[in-house]
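Notes follow the structure.
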Number of protein chains: 2
Amino acid sequence: MARPRAAARTVDHPELSEVSLQQILEALVDPVRRGVVSQLAGSGEDKSCGTFDAPVSASTLTHHFNVLREAGVIRQYYVGTTKMNALRADEMEGRFPGLLSSVLAASAAEGEGAAT
Amino acid sequence: MARPRAAARTVDHPELSEVSLQQILEALVDPVRRGVVSQLAGSGEDKSCGTFDAPVSASTLTHHFNVLREAGVIRQYYVGTTKMNALRADEMEGRFPGLLSSVLAASAAEGEGAAT
DNA sequence: ACCATCGTACGACCGCCATCGAACATCCCG
DNA sequence: CGGGATGTTCGATGGCGGTCGTACGATGGT
């Protein structure tokens with residue numbers, strides 16, 4: 001029957017031009033979220049929600065992903081039942097040059113969870 | 001009698017090596033504080049507490065200065081009855097390269113209060 | 001068809017932080 | 001020695017955000 005299927009669950013993302021510095025800083029100020037971003041940057045690949053190392057419950061982690069997505073820091077998309085996360089590094093760089101990269105470098109320099 | 005006088009009121013500051021990224025981000029995430037830092041960077045000179053443009057009461061502003069000082073972002077010293085504020089930009093740059101400057105650039109790009 | 005997996009939605013809770021006003025301290029200037 | 005200016009301290013308050021558990025929804029495999 002090849003049902004249209006609504007193209008699986010979709011997620012929408014803000015244009016980077018629409019997010020404020022305030023939003024981005026608020027997103028990056030939380031240690032858990034910064035850990036997520038570090039792990040994402042460190043792995044170099046998209047990661048599913050379940051593969052992150054974080055000291056919080058799953059529902060809390062969902063909340064953090066939402067904040068990061070709404071701040072334009074990550075992009076999310078479904079692959080079957082799992083949800084993938086990608087860093088919008090290039091776009092961030094275009095919007096606020098050096099911001100994300102310096103925070104990531106600082107995180108790494110302090111040895112925040114960027115492992116594997 | 002030339003009393004020792006405790007060398008006027010003194011203020012102590014953390015070594016930049018002792019402040020965490022978390023502290024600095026928390027300091028910079030508040031719009032009022034970011035406004036202060038922007039104005040300080042924009043003026044190019046040290047400014048006394050009273051010369052800042054901020055939408056809060058004086059006592060609240062004192063609080064913000066304390067947070068900035070304890071995060072190592074500014075250095076404060078008394079000159080008579082006024083308290084001066086200086087940006088510790090070079091030291092910040094040494095501790096977390098690019099961080100402060102990218103935030104300042106981002107602020108300026110958004111047109112946050114960097115006037116005069 | 002069923003079940004296990006993966007993530008979400010919802011409501012509740014709690015602690016922290018920005019904020020304020022009022023009283024106080026310190027200093028300079030006549 | 002006042003008096004005015006500049007900040008600070010203190011306690012109270014209010015709101016927002018991070019956290020959790022539980023119940024639910026969607027998907028893919030067997």
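Per chain, numbering begins at 1; letters A, B, ... match sequence-line order.
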Other hydrophobic cluster members with B:M84, side-chain heavy atoms of Ile/Leu/Val/Met/Phe/Trp/Tyr under 4.5 Å, chained?
-> B:Y77, B:V79

Residue list, side chain to side chain contact (heavy atoms under 4.5 Å, CB included) with A:V67, at least two apart or on another chain = A:A27, A:R33, A:H63

Looking at residues at least two apart in the chain, or sitting in another chain, which of them share a side chain to side chain donor-acceptor pair (under 3.5 Å) with B:T51?
-> B:K47

When every nucleotide of nucleotides 6-20 of chain D is labelled 5' to 3' by its protein contacts under 4.0 Å (heavy atoms), B for base, S for sugar-phosphate only, - for none, what sequence of letters results?
-> BSBB--------SBB

Polar atom pairs (N or O), protein with nucleotides 14-16 of chain C, under 3.5 Å:
none

Going through the checks in order, is the side chain to side chain contact (heavy atoms under 4.5 Å, CB included) test met by B:N85 and B:D46?
-> CA-CA 5 Å; B:N85 302 273; B:D46 299 0; over 6 Å; no

How many Å lie between CD on A:E70 and P on C:dT8, as a whole number?
-> 12 Å

Could you list all the ring-ring contact (aromatic ring centres under 6.0 Å, His included) pairs where at least one residue sits in residues 11-59 of chain A, not counting sequence neighbours?
-> A:F52-A:F65

Considering residues at least two apart in sequence or located in another chain, which fulfil the side chain to side chain contact (heavy atoms under 4.5 Å, CB included) criterion with A:A54?
-> A:V32, A:V56, A:L61

Which salt bridge (Lys or Arg N to Asp or Glu O under 4.0 Å) pairs, counting each pair once, include a residue from residues 60-79 of chain A, with sequence neighbours left out?
-> A:R75-A:E91

Which atom pairs, donor and acceptor, lie under 3.5 Å between side-chain atoms of residues 94-104 of chain A and protein residues at least two apart or in another chain?
unit_1 : atom_1 : unit_2 : atom_2 : d
A:R95  : NE     : A:L16  : O      : 2.8
A:R95  : NE     : A:V19  : O      : 3.3
A:R95  : NH2    : A:V19  : O      : 2.9
A:S101 : OG     : A:G98  : O      : 3.2
A:S102 : OG     : A:G98  : O      : 2.8
A:S102 : OG     : A:L99  : O      : 2.9
A:S102 : OG     : B:S102 : OG     : 3.3

